[in-house]
4 protein chains.
Amino acid sequence: MSTLARPVRKREVLGARSERRVKEILGVARQVFSENGYENATTLDIARQAGISEATVFSYFTSKRDLCMQVIKGWYDEISLVLEQEVPMVEGTRAQLHFVVHKHLVTLMQDGTGMCKLVLSEGRSADADFAGLIAELKRRYTAPLMKVLAAAQRSGEVRQDMPLPLLRDMVYGSMEHVLWDYMVNRNKPDIATTAGQLTDMLWTAFVPVEQSQQKLAQFREDVAEALRRLEN
Amino acid sequence: MSTLARPVRKREVLGARSERRVKEILGVARQVFSENGYENATTLDIARQAGISEATVFSYFTSKRDLCMQVIKGWYDEISLVLEQEVPMVEGTRAQLHFVVHKHLVTLMQDGTGMCKLVLSEGRSADADFAGLIAELKRRYTAPLMKVLAAAQRSGEVRQDMPLPLLRDMVYGSMEHVLWDYMVNRNKPDIATTAGQLTDMLWTAFVPVEQSQQKLAQFREDVAEALRRLEN
Amino acid sequence: MSTLARPVRKREVLGARSERRVKEILGVARQVFSENGYENATTLDIARQAGISEATVFSYFTSKRDLCMQVIKGWYDEISLVLEQEVPMVEGTRAQLHFVVHKHLVTLMQDGTGMCKLVLSEGRSADADFAGLIAELKRRYTAPLMKVLAAAQRSGEVRQDMPLPLLRDMVYGSMEHVLWDYMVNRNKPDIATTAGQLTDMLWTAFVPVEQSQQKLAQFREDVAEALRRLEN
Amino acid sequence: MSTLARPVRKREVLGARSERRVKEILGVARQVFSENGYENATTLDIARQAGISEATVFSYFTSKRDLCMQVIKGWYDEISLVLEQEVPMVEGTRAQLHFVVHKHLVTLMQDGTGMCKLVLSEGRSADADFAGLIAELKRRYTAPLMKVLAAAQRSGEVRQDMPLPLLRDMVYGSMEHVLWDYMVNRNKPDIATTAGQLTDMLWTAFVPVEQSQQKLAQFREDVAEALRRLEN
DNA sequence: AATGAATGAGCATTCATTCAT
DNA sequence: CATGAATGAATGCTCATTCAT
């Protein structure tokens, strides 16, 4: 099942020209895969759009699946790198959350929804390797925000009674559905506005409740206590 | 809406036996499609698992696509019906939100997430009909909650400065990611707990900020006033 | 290969109701076959248009091929019968030729070219039985004209230096192409006019040459003889 | 004219080897199609007989239909070219008619009548493209004779009171039936003889009636006059 | 290094035909 | 007598992948 150790001779040592080729192919493949999805994209299509032969594609990548995985990995690496570098430059937890949300929406929206579809749809696949890799990439991609939220939880700036993964799911899940809506219904919302609104609500949800309902509860407790004393 | 008018050999469902067959096939197909996705599922596989010939499958469904659409529709119809009936029986907006969240998680979790995958993956598809149908089904499925939230917005119980679709996206998006997590990492969370936490945060996010704070302030004011009078 | 002696029980003894059924089916089948050709006609289509089930069709006819053969035979029988009865009622060889030509064109043209196509196209088929039957039917169909021409040849009214089959081929071949033209190009000529012109030319071709060129040749011979004598 | 713009895997013929392959396949296909007719010929059969895989066939031809069309076109092109070149080399209208008739009979007879069957049978077909192409090819094929006849009509050498298409139909229709006879009954006539007889009759039918009779009368007159003078 | 050429393995779909009821 | 139901056997067509040159 695993695609290791085939007796096929594939290029391993990459010269400068080779490297350029690889990038060329990856570029085209990203486009083709994101436009058609994994199953409906064809290696021929990729080769033709890259101006090379199918055989050449297969001399740089062991299989269609391999190529697709590299495409996805490349995309994640790029965007992850950006987040890793830029998130720390933003000050304040809320601002960082906003930054991540905004960046995510902008990036996936401008990509024409292609990569979004690809990652979301093909992220599963019966193939375990595939799914595993994606999970790992996703972990790296969401790490910057996770770090921020974790720290905020430790400092008490964010609710501590909620599991961190749940917070993450709320952030990325919400955005994903927004994007999905855009993809399917083709009605592009104003990114800045949506990012603002989303951040607003998310932050409201994340902030410790003692600042609102919990405080109320506490106060209610105090009053109850006062009443008890009073009755006595 | 778009089925061709060819002299199709498709049987109209008439007798009781037919109906059973259709359900049988739909059942198997749901399984196969949700396990492998549309593209990787084969009609032969479905036929074999149903213990019938491929031809028989095609005598009840005009095409693979048709079959898949009916599978998805059937699944949505089931769950939509439940929601439509039960949501109104729950009292209070927050409780209704909690009910929907809990139901959704339970249903998809116990379904092995297969249908979830299928719907999410095939929701796009190059085919317009397909995507259109799914969009419609989704609309019906989310309608009960949407009604609740809309009413709550009108009554001021829920923030009015946020677009309704965004609220919906937060609810369903968050849940989807939770399920995704489960699917990929196979770590099944406690559904009741997760549903509670999610509802908690969502509700916090939805409730008008001023309202909760105002309420708090008002309450504090009232109590303070009462205390003053009492002490006097 | 031959379709004899299958253990299948087919209806043999036909009651009055059965006979009606057979005719009904044959009527519909003629339509369907002539509209779509043998290969593209389906037994389902025939059954549906006859308002019965496929199974019923197969209880009256052993196979699709059988049905088609009977259709063709029925058509030929009808038109042959007419010719056999009416041709002798026309007086004069030329008039009889004209009658046959006109009848043939009218019949095939009004039939919407369907049967024409069917007979002409499916007349061959890899099946020897099929082709054999058609040949026989054709023989009967062309017999009336053949008789007329044969008699005319014997009486010297028609050239005797041409094989009778060749005369027949000219008559039916010419007409067939005229019909073909109509079928493909959809430009319907005036039947009466075309029949007249065709008869005119055919008759001119059939009439003994001594009445024209042969007479001339004879005359030339005479003159040559005279010249010879003169030179002597 | 009507080939789809899908990302077809069809090879463009480039090298010498490709060209050979194409011809190889076309050769086999001509055989298979003409033996079994379009519907009963299978791509697998063609591939096997060509000693290659089905996939290879489909890499040179977009579809079965495409392949068949090319076969027919190829055949027509060959024979059309010959006629276009050789007919003008023959002198005299009658001789040209004879040449075309003879050539046609020889060609189709030696071809085993397979192509004849194919063209006749598939000339219609529900497919408009197909029928259209064949009509065009037929037009080209019959053009040389048509030109000859048209000129002859203009010069008065051939009857002007008959539509040109009718003349054509008589020529090709007659021949077709002769071939049909051969095909079905397997009695091969002597081609030269048949060609002569057919030409004789056709020419008799085409030549203006008055002309031949007038010529005869004129000739008789002239000779009589000469004789009178001579005798005096 | 690059590719033209070839293909094995599938897959959805069709349809004449059978048979239990 | 009629048929609903079921199917075996084909068939056209696709595509990732290999390999000699």
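Owing to the predicted nature of the structure, the values given are computational and were not obtained by experimental measurement. Every chain is numbered from 1, with letters handed out A, B, ... down the list of sequences.
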Establish, from distance only, whether the side-chain atoms of N40(C) and E35(C) form a donor-acceptor pair under 3.5 Å.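 Not at all, the side chains of N40(C) and E35(C) share no donor-acceptor pair under 3.5 Å.
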Taking atom types as modelled and ignoring hydrogens, do the side chains of S59(C) and T56(C) form a donor-acceptor contact shorter than 3.5 angstrom?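 There is no such pair between these side chains.
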If I take atom [atom1] in residue [X] and atom [atom2] in nucleotide [N], what distance separates them, rounded to the nearest angstrom?
{"X": "L44(D)", "N": "dT7(E)", "atom1": "CG", "atom2": "C1'", "answer": "13 Å"}
{"X": "R65(B)", "N": "dC11(E)", "atom1": "CZ", "atom2": "C1'", "answer": "14 Å"}
{"X": "I46(C)", "N": "dT17(E)", "atom1": "CD1", "atom2": "P", "answer": "11 Å"}
{"X": "E39(B)", "N": "dT14(F)", "atom1": "CD", "atom2": "P", "answer": "15 Å"}
{"X": "R20(A)", "N": "dA2(E)", "atom1": "CZ", "atom2": "P", "answer": "10 Å"}
{"X": "F33(C)", "N": "dC15(E)", "atom1": "CZ", "atom2": "P", "answer": "13 Å"}
{"X": "D66(B)", "N": "dA12(E)", "atom1": "CG", "atom2": "P", "answer": "14 Å"}
{"X": "I52(D)", "N": "dG4(E)", "atom1": "CD1", "atom2": "P", "answer": "19 Å"}

Can you sort out the partners of F61(D) under ring pair (Phe, Tyr, Trp, His ring centres under 6.0 Å), two or more places apart, ordered by chain and number?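 Once residues adjacent in sequence are excluded, F61(D) has no partner under the ring pair (Phe, Tyr, Trp, His ring centres under 6.0 Å) criterion.
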side-chain contact (heavy atoms from CB on, under 4.5 Å) assessment of I46(A) paired with L67(A): CA-CA 10 Å; I46(A) 293 168; L67(A) 175 54; 4.0 Å; yes
Below 4.0 Å: OP1/OP2 of [N] and any side-chain N or O of [X]:
{"X": "T43(B)", "N": "dA12(E)", "value": "yes"}
{"X": "S53(D)", "N": "dT7(E)", "value": "yes"}
{"X": "Y60(A)", "N": "dA2(E)", "value": "yes"}
{"X": "S18(D)", "N": "dA5(E)", "value": "yes"}

side-chain contact (heavy atoms from CB on, under 4.5 Å) evaluation trace for R65(D) with Y38(D): CA-CA 8 Å; R65(D) 190 162 288 276; Y38(D) 180 77; 3.4 Å; yes
On DNA chain E, check which nucleotide each of R21(D) and E54(C) is closest to and give me the residue with the more 5' one.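 Result of the comparison: R21(D).
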I'd like to check the side chain to side chain donor-acceptor pair (under 3.5 Å) partners of K64(B); sequence neighbours left out, ordered by chain and number.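 Per chain and number, K64(B) pairs via side chain to side chain donor-acceptor pair (under 3.5 Å) with no residue.
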Sugar-phosphate, base or nothing in reach of T56(D), heavy atoms under 4.0 Å: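 Base: the residue T56(D), judged by heavy atoms under 4.0 Å, touches a nucleobase.
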Is A41(B) touching bases, backbone alone, or none of the nucleic acid, heavy atoms closer than 4.0 Å?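 Sugar-phosphate contact only - A41(B) comes under 4.0 Å of backbone atoms but never of a base.
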Could you check whether any side-chain heavy atom of N36(C) comes within less than 4.5 Å of a side-chain heavy atom of T42(C), counting everything from C-beta outward?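 In short, these two side chains do not touch, never coming nearer than 4.5 Å.
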So what is the 5' to 3' dot-bracket string for DNA chain E, if pairs are Watson-Crick or G-U wobble with both distances under 3.5 Å, crossing pairs use [ ] and | means the partner sits on another strand? .||||||||||||||||||||
Pick the nucleotide of DNA chain F nearest each of K64(D) and K64(A); which residue has the one closer to the 5' end?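 This one resolves to K64(D).
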Nearest of dT3(E), dC11(E), dT13(E) to any side-chain atom of F58(B)?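 Selected nucleotide: dT13(E).
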